[in-house]
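Chain letters run A, B, ... following the sequence lines, proteins first, then strands; residues in each count from 1. Note that these values count all heavy atoms, side chains included, but never hydrogens, waters or copies made by symmetry.
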Amino acid sequence: DSGVTQTPKHLITATGQRVTLRCSPRSGDLSVYWYQQSLDQGLQFLIQYYNGEERAKGNILERFSAQQFPDLHSELNLSSLELGDSALYFCASSHGGITGELFFGEGSRLTVL
Amino acid sequence: AQSVAQPEDQVNVAEGNPLTVKCTYSVSGNPYLFWYVQYPNRGLQFLLKYITGDNLVKGSYGFEAEFNKSQTSFHLKKPSALVSDSALYFCAVRDIGTGGFKTIFGAGTRLFVKA
């Protein structure tokens with residue numbers, strides 16, 4: 001158990017809909033990262049937050065947004081969903097130091113029909 | 001930008017034999033390198049990291065990795081493979097930007113250990 005909690009574990013929705021994925025980091029970790037894992041794209045970095053502030057951005061679509069709340073949990077919002085958004089979405093946390101490893105949640109599997 | 005490459009999609013070894021999963025990196029500045037493992041339907045788990053110091057890094061589950069600066073490689077090794085080592089392995093590098101940093105992952109190498 002990594003200590004990172006993601007909900008929901010599975011989500012099935014239709015194209016055009018909006019979903020919210022939630023992540024609770026390990027106790028004491030200030031940094032939260034979101035990744036998308038799909039079969040053809042591998043593990044893609046989306047965005048990083050540190051203590052409530054956005055710190056780094058990857059190839060995150062404009063239809064996607066995220067935030068980190070004062071209690072350090074984070075949410076990833078995916079809107080106007082397309083079939084290609086079907087993937088496994090991972091949240092990871094770290095203490096925030098440059099040399100720290102990431103601790104991953106079990107992921108949220110999104111299926112867009 | 002920092003990047004890592006895993007040249008093999010798949011590695012097959014027999015149980016009890018040594019295993020190597022290859023990784024090469026491209027960085028500007030000091031390399032911060034990591035290995036992670038992913039079992040089916042699970043999140044990634046940290047195995048080991050190289051930050052500085054000894055080129056041979058020891059990690060979890062008997063794995064180790066050798067940092068080679070001249071060859072820009074960071075290969076993952078284990079002296080004796082177990083069937084339970086069968087999983088997807090990712091090499092990763094820390095990419096430091098302005099104000100923050102991200103971890104960039106390789107495409108992954110699937111390891112099959114045959115009994």
Working to the nearest 0.5 angstrom, can you tell me the gap between A/T99 OG1 and B/N30 CG? 12.0 Å
Once you round to the nearest 0.5 Å, how far does CG of A/L43 lie from CD1 of B/I104?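 A/L43 CG to B/I104 CD1: 9.5 Å, rounded to 0.5 Å.
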[X] atom [atom1], neighbour heavy-atom count above 12 within 6.0 Å:
X: B/D9; atom1: CG; answer: no
X: A/N59; atom1: CG; answer: no
X: A/E62; atom1: CD; answer: no

In terms of heavy-atom proximity below 4.5 Å to chain A, should [X] be classed as side chain, backbone, both, or neither?
X: B/L44; value: both
X: B/N41; value: both
X: B/Q45; value: neither

Would you mind checking which part of [X] comes under 4.5 Å of any heavy atom in chain B, side chain (CB onward), backbone (N, CA, C, O), both or neither?
X: A/F90; answer: side chain
X: A/S2; answer: neither
X: A/K57; answer: backbone
X: A/Y35; answer: side chain
X: A/Q37; answer: side chain

Side chains of B/Y36 and A/F104, heavy atoms from C-beta outward: is any pair under 4.5 Å?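 Sidechains of A/F104 and B/Y36: in contact.
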Is it true that B/F105 and A/F45 have ring centroids separated by less than 6.0 Å? no
If you apply the rule side chain to side chain contact (heavy atoms under 4.5 Å, CB included), what do you find for A/Q48 with B/T103, and how did you get there? CA-CA 10 Å; A/Q48 179 211 359; B/T103 301; over 6 Å; no
Common cluster, B/L82/B/F112, ILVMFWY with side-chain heavy-atom separation under 4.5 Å: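 No, B/L82 does not connect to B/F112 through the hydrophobic network.
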Would a single hydrophobic cluster contain both B/V27 and B/I51, if residues Ile, Leu, Val, Met, Phe, Trp and Tyr are joined by side-chain heavy-atom contacts under 4.5 Å?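 No; tracing contacts between hydrophobic side chains, which count when under 4.5 Å, never links both residues.
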Closest approach of B/K102 and A/Y33, non-hydrogen atoms and distance? CA-CE2, 4.4 Å
Ignoring hydrogens, what is the shortest heavy-atom contact between B/F34 and A/E101? Give both atom names and the distance. CE2-CA, 3.9 Å
Any donor and acceptor pair, going by atom type alone, linking the side chain of B/R42 with main-chain N or O of A/E106 inside 3.5 Å? no
